[in-house]
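Since we're looking at a predicted model, the values are computed, not measured. Chain identifiers are assigned alphabetically (A, B, ...) following the order of the sequence lines, protein sequences preceding nucleic acid strands; residue numbering begins at 1 within each chain.
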Number of protein chains: 2
Amino acid sequence: MSPAENAPSTTDVAHALEAVVTWLRDSREPVGISKSSLSTLARLDVVGPLRITDLAEREGLTQPGMTTLVNRLVQTGLAERRADPGDGRAVLVALTSDGLARLTEYRVSRTELISARLEQLDPESRSALAKAVPALHRFVDDSHVTEEK
Amino acid sequence: MSPAENAPSTTDVAHALEAVVTWLRDSREPVGISKSSLSTLARLDVVGPLRITDLAEREGLTQPGMTTLVNRLVQTGLAERRADPGDGRAVLVALTSDGLARLTEYRVSRTELISARLEQLDPESRSALAKAVPALHRFVDDSHVTEEK
DNA sequence: GCCATATGCATAAGCCAGTTATATAGTTGA
DNA sequence: TCAACTATATAACTGGCTTATGCATATGGC
């Protein structure tokens, strides 16, 4: 409960991370595009063209929900539907260059927001955060986590 | 771009924090209550009873939106409306004991989720994160930030 | 003290992003 | 070749917001 007095416990770290998440969530400026859409664009950028069903599963939406979302992306020119060679039922959703541009713009603005904030911190804090970078990546990386159940 | 080779830059830290935010957002389990409702309950817990208008401003909603949200909270027994002594127009929204219990339950489950993940990390990573706790708190703390504009 | 104006909240109507249920087109294997 | 399965689409509905508006109370200049 008191990271100032003793060494921070796991719970203290958890609370600090939650606080950061809350701050970053609240610091989102309206960007004219939904969080789901941005997340889907990012997924397409990272993974490449995907089927509707596949996208839906990865993004945690239902298939009809993803169909609607993709409709919006296509209508605004951020993504396109391609035929899946070898399966006439399926569709491959792919990022357009406009979609990539939009995604990049968003990523840059977010990074700038956070960086500006970081640069206002005292040097010791910045150093501590810099040293925590590998740990933060390990935290979100599933590959080393021992799955249970 | 390569935190593994050189000392992590501010941009690297920003990306790591974004990655954590994304992971924590995706790790939210359905909880039967909206994010806005939880955030509002937390606000009431931290700040104490507030007016509808005040709540709306702090939570980034419109006043009618907050009226509706408070209606839901009241109907589910998580909050209550009190008369504002000294202003017959106003209402003070306050957390009920049920509301506090629900909020606590959520907070505990979140903390447990994150803690469990932390405990699977290697000791050096855990140590690095523990040392970063004060810096994380400073990052989200507005009080020392030099405002511009 | 009165009245014009401002303020706090509620209601109404509509929008948007999601849901479940169902239909249609294409695929696959016995 | 046809029954069963799969991928997507469409329809109808819901939740959580929005804007526009109304009503009650408060406030200050006169």
Exercise. Does a donor on one side chain and an acceptor on the other come within less than 3.5 Å for B/E59 and B/S39?
Worked result: yes
Problem set entry | Main-chain N/O of A/A94 paired to A/R82 side chain as donor or acceptor, under 3.5 Å | no
Exercise. A/L113: which other cluster members, linking ILVMFWY side chains closer than 4.5 Å, directly or transitively?
Worked result: none
Exercise. Whole Å only: how far is the CG atom of B/L61 from the C1' atom of C/dA10?
Worked result: 16 Å
Exercise. Yes or no on side-chain contact (heavy atoms from CB on, under 4.5 Å) for B/E18 and A/T111, after CA distance, side-chain angles and deciding distance?
Worked result: CA-CA 8 Å; B/E18 278 281 22; A/T111 299; 5.7 Å; no
Problem set entry | B/T96 (side chain) donor-acceptor with B/E80 (main chain) under 3.5 angstrom | no
Exercise. Between A/D84 (CG) and D/dT6 (P), how many Å, whole number?
Worked result: 16 Å
Exercise. Side chains of A/Q63 and A/T67: is there a donor and an acceptor less than 3.5 Å apart?
Worked result: yes
For this session: Measure the shortest side-chain to side-chain distance between A/V21 and B/R25 over non-hydrogen atoms and say whether it is less than 4.5 angstrom.
Result: no
Seminar exercise, completed: For B/L55, the other hydrophobic cluster members (4.5 Å side-chain criterion, sorted by chain and number) are B/V31, B/I33, B/L38, B/L41, B/L44, B/V46, B/V47, B/L50, B/I52, B/L61, B/M66, B/L69, B/V70, B/L73, B/V74, B/L78, B/V91, B/V93, B/L95, B/L100, B/L103, B/Y106
Problem set entry | Under-4.0 Å side-chain N/O to phosphate OP1/OP2 contact, B/T62 with D/dT18 | yes
Exercise. Does B/R81 have a side-chain nitrogen or oxygen under 4.0 Å from the phosphate oxygens OP1 or OP2 of C/dG8?
Worked result: no
For this session: Under 4.0 Å from any atom of DNA chain D, heavy atoms only: list the residues of residues 21-50 of chain B that qualify, in numerical order.
Result: B/S34, B/S36
Exercise. Going by heavy atoms in the side chains, are A/L136 and A/L129 under 4.5 Å from each other?
Worked result: no
For this session: For A/R82 and D/dT8, give me the distance from atom CZ to atom P, rounded to whole Å.
Result: 15 Å
For this session: Take atom CE of B/M66 and atom C1' of C/dT11, then tell me their distance rounded to the nearest Å.
Result: 17 Å
Seminar exercise, completed: Whichever of A/G60 and B/D54 has the more 5' nearest nucleotide on DNA chain C, that residue is B/D54
For this session: Evaluate side-chain contact (heavy atoms from CB on, under 4.5 Å) for B/T40 paired with B/R72, printing each intermediate quantity in order.
Result: CA-CA 12 Å; B/T40 301; B/R72 285 199 302 273; over 6 Å; no
Seminar exercise, completed: Going 5' to 3' through nucleotides 22-30 of chain C and flagging B where a protein heavy-atom sits under 4.0 Å of the base, S where only the sugar-phosphate is that close, and - otherwise, we get ---BBS---
For this session: Kindly state which residues belonging to residues 69-79 of chain B come within less than 4.0 angstrom of DNA chain D, counting heavy atoms of the residue only, listed by number.
Result: B/L69, B/R72
Problem set entry | Below 4.0 Å: OP1/OP2 of D/dT6 and any side-chain N or O of A/T53 | no
For this session: For the helix from C/dG1-D/dC30 to C/dA30-D/dT1, measure the angle between the helix axis at one end and the axis at the other, each built from five pairs, rounding to 10°.
Result: 10°
Exercise. Taking the side chain as C-beta and beyond, is there a heavy-atom pair between B/R43 and B/R58 under 4.5 Å?
Worked result: yes
For this session: Report yes if at least one side-chain N or O of B/T67 is closer than 4.0 Å to OP1 or OP2 of C/dA10; otherwise report no.
Result: yes
For this session: Determine whether the side chains of B/D12 and B/S9 contain a donor N or O and an acceptor N or O closer than 3.5 Å.
Result: yes
For this session: Applying salt bridge (charged side-chain N to carboxylate O under 4.0 Å, His left out), run through B/D98 and B/R102 and close with a yes or a no.
Result: CA-CA 6 Å; B/D98 275 10; B/R102 184 67 166 273; over 6 Å; no
Exercise. Taking atom C1' of D/dG16 as reference, at what distance in whole Å does atom CD of B/E59 sit?
Worked result: 14 Å
For this session: May I ask you to decide if B/L24's main-chain N or O and B/S27's side chain share a donor-acceptor pair within less than 3.5 Å?
Result: yes
Problem set entry | Rounded distance in Å - CD1 (B/I52) to P (D/dA24) | 18 Å
